[in-house]
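Input: a single structure, listed below in structure tokens.
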Amino acid sequence: MLIHRRPNGLDLPYSSEITPQAVYEKRREFIKKIAMNATVGGALWELANREAFAQTPAIKLAAKRNPAYSALEKQTSFKDASTYNNYYEFGTDKSEPANNARTLKTRPWTVTIEGEVKKPMTIDIDALAKLAPLEERVYRLRCVEGWSMVIPWVGYSLSNLIKKVEPSGNAKFIEFVTLADPKQMPGVTSRVLKWPYVEGLRLDEAMHPLTLLTVGMYGQVLPNQNGAPVRVVIPWKYGFKSAKSIVKIRLLKDMPKTAWNISAPSEYGFYSNVNPEVDHPRWSQASERRIGEDGFFQKKRKTLMFNGYSDVASLYTGMDLRKNF
Ligand code: MTE
């Protein structure tokens, strides 16, 4: 995600959010790297920074491919998908999560599902992973920053879990609350976002079969930097909706606040559907660079409405998607 640039083009913070010098300098450094990224396709900078990448030990995870939900495109390499990450709890540079997330302890781990439900529960991660048959689904992931990947995720439709807790008639939204433990996560001491990182969906979006409760990728458990031990993946929305390392899921009457919307409400809305026709206030969303494939001298590829997942259009019938960005 990009740090907020003010309408006047300067990085001066609003008085309500004056940041300490160290954080501010880190932002400047980050912006410089993003700029460099945009200029040279990121290739050189990324290569240099990802040299030291450390992988979580691979634990195999058997799952049958669901062809109905799988993109037939070239998959991004595991190395790219596990070293070019956004996971601010472990640092704002793309290479930092792979190096820093080694400190994340993913066992024991429980997830609590509560709120507007008849049967709230707290479930151990290993039981959660067995609640429904695991499937492999190859999804495109489009980041709001203008890059994309194609990743074979492992998980099952979140609807399986939601049905288990029996939503009450009042449940209209769902909120994902993620871990924010300063002992394990060096980034949560920074004020770059309000912690914990929270995300949300309307309940019908969460019940859509494409919304994947995800425990693995590339036939193995999620590397820590990709959101171990459990995250969601919502392929028709910008990547930041896909909350990592979830500890709590709440069903709610009202629309929850979300991390990026709190941080910059004019830039990041609640819906955040991939939409090439609605620009981010500071850049176009009409095209994207596929990580590992599209170099600087190549034309960027066109971004598709709903990231190509046109089945979801019926969720938004009658809504103005410019207002509900
Ligand atoms: N979840 C948490 N807890 N913290 C984060 O910083 N970043 C989001 C999302 N989920 C983020 C998060 C963003 S901006 C993106 S693009 C995706 O994770 C990136 O997922 P990936 O690194 O597995 O590709």
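Atoms within a ligand are numbered from 1 in the order they appear, just like the ligands themselves.
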Trp153-ligand 1 polar pair, N/O distance under 3.5 Å
no
For ligand 1 and Trp260, I'd like to know whether there is a polar contact (N/O to N/O, distance under 3.5 Å).
no
Can you tell me if Ser242 contacts ligand 1 (heavy atom of the residue under 4.0 Å from the ligand)?
yes
Do the side chains of Glu89 and Lys244 get close enough for a salt bridge, i.e. N-O under 4.0 angstrom?
no
Nearest non-hydrogen protein atom, atom 21 (P) of ligand 1:
Lys244 NZ, 3.4 Å
Report the part of Glu89 in contact with ligand 1, treating N, CA, C, O as backbone and CB onward as side chain, heavy atoms under 4.0 Å; options are side chain, backbone, both, neither.
side chain
Would Asn226 count as being in polar contact with ligand 1, using the rule that some N or O on each side must be under 3.5 angstrom apart?
yes
Does Arg231 come within less than 4.0 angstrom of ligand 1, counting non-hydrogen atoms of the residue?
yes
For Tyr139, the side-chain hydrogen bond (donor to acceptor under 3.5 Å, both in side chains) test, sequence neighbours excluded, returns Arg137
Which bit of Thr178 gets closer than 4.0 Å to ligand 1, counting heavy atoms only: side chain, backbone, both or neither?
side chain
Quick test of your reading of the structure: of Cys143, Pro97, Gly239, whose heavy atom lies closest to atom 15 (C) of ligand 1?
Gly239
Taking heavy atoms and a distance under 4.0 Å, where does Tyr88 meet ligand 1: side chain, backbone, both or neither?
both
With nothing but distance in play, are any N or O atoms of Asn85 less than 3.5 Å from an N or O of ligand 1?
yes
Spell out, as yes or no, whether a donor-acceptor pair under 3.5 Å connects the side chain of Arg231 to the backbone of Leu222.
no
Suppose we screen for ring-ring contact (aromatic ring centres under 6.0 Å, His included). Which residues come up paired with Tyr69, at least two apart in sequence or across chains?
none
Thr92 side chain vs Tyr88 backbone, donor-acceptor pair below 3.5 Å
no
Check whether the side chains of Ser148 and Arg142 place a donor and an acceptor atom closer than 3.5 Å, and report yes or no.
no
If you measure from each non-hydrogen atom of Leu141 to ligand 1, which part falls under 4.0 Å: side chain, backbone, both or neither?
side chain
Any donor-acceptor N or O pair under 3.5 Å, side chains Tyr84, Thr76
no
For the ring pair Tyr309 and Trp236, is the centre-to-centre distance below 6.0 Å?
no
Test Trp153 against every option in Val138, Val215, Leu212, Leu213 by the side chain to side chain contact (heavy atoms under 4.5 Å, CB included) rule and name the one that passes.
Leu212
Min over Ile151, Asn86, Val177 of heavy-atom distance to atom 16 (S) of ligand 1 lands on Asn86
